[in-house]
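Step one of this worksheet: look at the structure below.
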Amino acid sequence: MIKLRTNDLALLDGKPVFLEKLHVGRPNIGNREKFSERVNDILDRRWLSNSGRYMQEFEKAIASYVGVKHCIVVTNATIALEIAIRALGLQGEVIIPSFTFVATAHALQWLGVTPVFCDIDPQTYNIDPARIEALITPRTSAILGVHVYGRPCDCDALEQIARRHGLKLFYDAAHAFGCSYQGQMVGNFGDLEVFSFHATKFLNSLEGGAIATNNEELANRARKMTNFGFTGYDQVDGVGTNGKMNEVSAAMGLTNLETIQELIAVNQRNYRQYQQELEGVPGVRVVAFDEAERNNYQYLVLEVDEETAGLSRDQLTQLLHAENVLARRYFYPGCHRMEPYATLFPEAAARLPETERVTARMLCLPTGTGIQSAEIIQVCELIRYMLVHGMEISQKMSRISKGPAQ
Ligand SMILES: *Cc1c(COP(=O)(O)O)cnc(C)c1O
């Protein structure tokens, strides 16, 4: 037993179980020798960016892994979204979920396109197709779905709505590299999809992202925009930006992609272990992945039900942080509660009841190659202890918070 009495909890009177902090999204690092070899080659050849060898190899490897015709690697997913918005020619309003990382909304707002927040389906945590049509106006130009935690959106339903209303459809697939929907890899849906290879994502290229599409014309337009609009040596045929991925990032991405099956296997093993260790713990549920599909198991997500648990998600977070388990509230708050959206759309919260409820319940725990199996057992034992003694701990916590601070 890790804790004998509730006062042994680090937040109350005890010592943290972990001496070193356990992080969510600790970077996975593939074969170091291979990466170093490639970096040395880059330096030897003095080709650091601009459609270099590794950038091209990385694009081909992603396209082949995803089974998509075109892949354009970009500096990061936020720039990739911005380029996508321009390449799709979007204007006016775009319907998106509020339960996402703020970059989804920012990419639109940054370009003067208004994000219109749609509520989510509380079973899937993804944009709820049944609520989209009520938000469509003459200004609506697209739907932007987010495959939250790598669990794909209801792509069929979204496709039908987009088609019926003549809207573009694209996806923020930042969480979903390596995942499938009805047996087809994410990256093949809508007009295009955007991946993130940020350091904290399970497949990283230090910083990086990609646009995947089966539409050649769209791919050509996006590629041009990634490189200032250049079409030839001294020829520019439209506005563009600089979204080029550098060679060291591409080499990192390529190297990590070579060990992706091992990364997924580690994540899956961790997922199974968390599921097993937390089975029957009152008030928490490990969010399940559909085993009939391909998953990257990148996020280990708990849903906390305060009524049963006796502790709120935020109390559990505070208790875990004191033990050096740096669980993260993904996503909290919803984008509609962040600026500038809170000021621009003060009415949004009232029409996003499921988003409001879910943002108070979700908690991501450490997984990936940065955590050992024995540590997962300890984390789960801690959570079990906290929830079994939820009421008592909650009372003690409220006494502390009413203490010296007042
Ligand atoms: C990480 C993330 C992004 C941003 O990706 P970057 O590569 O860091 O720009 C966008 N959307 C979602 C859902 C993300 O999780």
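Indexing begins at 1, ligand by ligand and atom by atom, following the structure's order. Only heavy atoms go into these numbers, but all of them, side chains included; no hydrogens, no water, no symmetry mates. Here the structure is a predicted model, which is why all the values come from computation and not from measurement.
- Side-chain contact, E82 with T241: no donor N or O sits under 3.5 Å from an acceptor N or O.
- With ligand atoms numbered from 1 in the order given, ligand 1 contributes 13 (C) to contacts under 4.0 Å with heavy atoms of T100.
- Donor-acceptor pairing under 3.5 Å is recorded for the side chains of T367 and N270.
- If you check the side chains of E306 and S312, you find no donor sitting under 3.5 Å from an acceptor.
- Close contacts of ligand 1 with N76, meaning ligand atoms under 4.0 Å from a residue heavy atom, involve 7 (O), 9 (O).
- There is no side-chain donor-acceptor pair under 3.5 Å between E247 and S49.
- Looking at atom 15 (O) of ligand 1, its nearest protein heavy atom turns out to be H175 NE2, 2.9 Å.
- Between A77 and ligand 1, a contact under 3.5 Å exists for at least one N or O pair.
- Remark: minimum distance from atom 3 (C) of ligand 1 to any protein heavy atom is reached at F101 CD2, 3.6 Å.
- For the ring pair (Phe, Tyr, Trp, His ring centres under 6.0 Å) test with F289, the passing option among Y274, Y297, Y149 is Y297; the others fail.
- Which parts of ligand 1 touch S196 is read off a 4.0 Å heavy-atom cut-off, strictly below it: atoms 5 (O), 6 (P), 7 (O).
- Considering backbone and side-chain atoms alike, D172 places an N or O below 3.5 Å from some N or O of ligand 1.
- When each atom of ligand 1 is checked for a heavy atom of K201 under 4.0 Å away, the hits are 1 (C), 2 (C), 14 (C), 15 (O).
- M185 is not listed as a side-chain neighbour of V68, based on a closest heavy-atom distance of 4.5 Å or more.
- Between the side chains of T255 and N31, no donor-acceptor pair is found at a separation under 3.5 Å.
- Distances below 4.0 Å separate heavy atoms of G208 from the following atoms of ligand 1: 7 (O).
- In the vicinity of T78, heavy-atom distances shorter than 4.0 Å reach the ligand 1 atoms 4 (C), 6 (P), 9 (O).
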